[in-house]
J.: 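Below you will find the structure I want to go over with you.
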Number of protein chains: 2
Amino acid sequence: MSEEKHSGGRPRDADAAASIKAATLKLVRERGYNKVSIAAIASAAGVARQTLYNRWNTKADLVLEAVFEETGHYADAPLHNPNKSCKLQLEAFLIQVFTHLDESGSPIRSLIAAAQEDPAFREALRERFVKPREVLVIDLLQRAQDQGELSRTRDVKMLSNFIHGAFWYALLNGEPVDARLARAIANEIFVA
Amino acid sequence: MSEEKHSGGRPRDADAAASIKAATLKLVRERGYNKVSIAAIASAAGVARQTLYNRWNTKADLVLEAVFEETGHYADAPLHNPNKSCKLQLEAFLIQVFTHLDESGSPIRSLIAAAQEDPAFREALRERFVKPREVLVIDLLQRAQDQGELSRTRDVKMLSNFIHGAFWYALLNGEPVDARLARAIANEIFVA
DNA sequence: TAAGTTTATAGACTGCGGTCTATTATCTGG
DNA sequence: CCAGATAATAGACCGCAGTCTATAAACTTA
């Protein structure tokens, strides 16, 4: 099912994708998204430029996959820990997201930027980055309501937008996205 | 004070800036930010390309000025209206911002994108677009606290981040930024 | 082996943002 | 009127993303 037919024709180089993604990740983390050219990535991976375009439509698609494959557990959060309050779980989740962002050298900012000019890529980013995190947060907030930690009068979908919005807003405005922000967000969401 | 010395040398064409900005606004609204080239703007304005670069550093700088000069009253909101509740004032403010966004064909999204790759421009955008709106919202929320419409336990700075964040998040994710969103934000901020 | 198919590669090409240069035009001060 | 300064213009130039073409390589099926 995961294997394509491939009835005839030269097969794709099995290692190319991996070495391209590795080179992409390395270079983007070292130099930043727009300081790295496709040509440089191809050269570092030891393939021709066209080989990249055979596998990804755009630079943004490639970087998205490279960044989110290695750290690709976009749903392995330490959520649903019954020993902690939902507020602390939210805080821990945000700290994890922010840490990941930081160690990726924040190509996310560039990916969000790229998404503004490319609807197809925006959808891809939404599927791989945005939605999984929305689901986690909404689940957590609903659990908080079930356990009485959060008032039933609150609109969890809107609160999720507040949470992610506050984090995007800080990120895109160049403000620190760190544990302090995580605590401030969690505090204000679970305000008494 | 607003007049420069200009002791010698050919003076700048007094009309050029205006016609460039007019052409920019027209073309960007018609075709969208990245469908309009600097060359096209220069041609439409009847000047050489370099003349644009004599006045603005980048395309983003030019578009920012063009968009925010005409609708440049970034602080003329119908705020501080003692006849309305703060909640309704916030809602009205957001509707106004969203309407402006809509009729500008949302080059704002492209400007936010451009800001991610250019720290100098990010600062310019922050000064002309971000900060003035933050000030308005924070003032409004503080007034709400003074009048008892909003609990003193709330962190107005964080609430402002929630408000603007929710709006940016919707905008950058391609979701509708309209009166419905404005009401939902205001409702959740002033939740009982 | 031969035909057909797909990939890999090198390299040309387009369009864009932005820079740089040389030339010409227009101002000020002496 | 002349010298110096700044602006406008046309056009070359660079780097980059993305497209396209021609050719060589590697596979499958008959």
Side-chain angles (χ1 to χ4, degrees), chain A residues 3-20 23-24 27-28 31-66 107 110-111 113-121, chain B residues 3-20 23-24 27-28 31-66 107 110-111 113-121:
Chain A
E3 287 299 313
E4 293 298 325
K5 298 170 182 271
H6 190 267
S7 59
R10 174 173 177 172
R12 287 197 168 184
D13 184 331
D15 304 330
S19 61
I20 291 168
T24 301
L27 290 176
V28 165
R31 308 184 197 167
Y33 184 88
N34 59 349
K35 295 282 187 57
V36 178
S37 68
I38 292 283
I41 294 173
S43 168
V47 299
R49 228 168 61 252
Q50 185 59 39
T51 301
L52 303 193
Y53 289 106
N54 286 346
R55 290 169 171 74
W56 296 277
N57 291 324
T58 64
K59 183 180 176 182
D61 279 295
L62 166 57
V63 173
L64 175 63
E65 190 168 326
S110 300
L111 295 179
Q116 302 313 308
E117 312 292 0
D118 182 345
F121 177 69
Chain B
E3 288 299 314
E4 292 298 325
K5 299 169 180 271
H6 189 267
S7 60
R10 176 174 174 171
R12 288 197 168 183
D13 183 330
D15 304 329
S19 60
I20 292 169
T24 302
L27 290 176
V28 166
R31 306 183 198 169
Y33 184 88
N34 60 348
K35 296 281 187 57
V36 178
S37 69
I38 291 281
I41 294 173
S43 168
V47 299
R49 231 168 58 253
Q50 184 58 39
T51 300
L52 303 193
Y53 288 106
N54 285 345
R55 290 169 171 72
W56 296 277
N57 290 325
T58 64
K59 182 181 176 180
D61 279 296
L62 166 58
V63 173
L64 175 64
E65 191 169 325
S110 300
L111 294 179
Q116 301 314 306
E117 312 292 1
D118 180 347
F121 177 69

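Residue numbers start from 1 in every chain, and the chains themselves are labelled A, B, ... in the order their sequence lines are given, proteins ahead of strands.
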J.: Does the side chain of Thr51(A) get closer than 4.0 angstrom to OP1 or OP2 of dT9(C) through an N or O atom?
T.: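 Result: yes.
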J.: Could you give the distance from CG (Leu62(B)) to CG (Asn57(B)), rounded to the nearest 0.5 Å?
T.: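 The CG atom of Leu62(B) sits 11.0 Å away from the CG atom of Asn57(B).
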J.: Could you state the interatomic distance from OG1 (Thr58(B)) to CG (Leu64(B)), rounded to the nearest 0.5 Å?
T.: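 If we round to the nearest 0.5 Å, Thr58(B):OG1 and Leu64(B):CG are 9.0 Å apart.
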J.: Could you state the CG-P distance from Leu62(B) to dG18(C), rounded to the nearest angstrom?
T.: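 Checked: the CG to P distance equals 10 Å.
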J.: Hey, which sits more toward the 5' end of DNA chain C by its nearest nucleotide, Ala16(A) or Ala60(B)?
T.: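 Mapping each residue to its closest nucleotide by heavy atoms, the 5'-most match is Ala16(A).
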J.: Could you tell me the boundaries of the chain B footprint on DNA chain D, defined by atoms under 4.0 Å from its heavy atoms?
T.: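 Nucleotide range in contact with chain B: dG4(D) to dA12(D).
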J.: Does Ala39(A) have any side chain to side chain contact (heavy atoms under 4.5 Å, CB included) partners at least two apart in sequence or in another chain, and if so, which?
T.: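 For Ala39(A), the residues satisfying side chain to side chain contact (heavy atoms under 4.5 Å, CB included) (neighbours in sequence not counted) are Ser37(A), Arg49(A).
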J.: Within the 4.0 Å heavy-atom criterion, would you say Asn34(A) contacts the bases, only the backbone, or no part of the nucleic acid?
T.: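 Result for Asn34(A) = nothing.
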J.: Check each of Ile41(A), Leu52(A), Leu111(A), Ile38(A) against Lys59(A) using the side-chain contact (heavy atoms from CB on, under 4.5 Å) test, and report the only one that passes.
T.: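 With Lys59(A) as partner, Ile41(A), Leu52(A), Leu111(A), Ile38(A) yield a single side-chain contact (heavy atoms from CB on, under 4.5 Å), made by Ile38(A).
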J.: Pick the closest DNA chain C nucleotide for Asn54(A) and for Tyr33(B) by heavy atoms, then say which residue is nearer the 5' end.
T.: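 On the 5' side of the pair lies Asn54(A).
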J.: Taking only residues two or more places apart in sequence, or in another chain, which ones meet Thr51(A) in a side chain to side chain contact (heavy atoms under 4.5 Å, CB included)?
T.: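 By the side chain to side chain contact (heavy atoms under 4.5 Å, CB included) rule, Thr51(A) matches Ile20(A), Val47(A), Ala48(A), Arg55(A).
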J.: Could you pull out all residues at least two apart from Glu117(A) that satisfy salt bridge (charged side-chain N to carboxylate O under 4.0 Å, His left out)?
T.: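 Listed in chain order: nothing, the list is empty.
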J.: For the residue pair Glu65(B) and Asp61(B), establish whether any side-chain heavy-atom pair is separated by less than 4.5 Å.
T.: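 No. Closest side-chain heavy atoms not under 4.5 Å.
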J.: Between Arg12(A) (CZ) and dT5(C) (P), how many Å, whole number?
T.: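 In whole Å, dT5(C) P lies 18 Å from Arg12(A) CZ.
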J.: Can you name the residues that form a side chain to side chain contact (heavy atoms under 4.5 Å, CB included) with Ala120(A), not counting sequence neighbours?
T.: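 Asp118(A).
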J.: Strictly under 4.0 angstrom, non-hydrogen atoms only: write out the protein contact profile of nucleotides 19-30 of chain C, one letter per nucleotide from the 5' end, B, S or -.
T.: BB----BBBS--
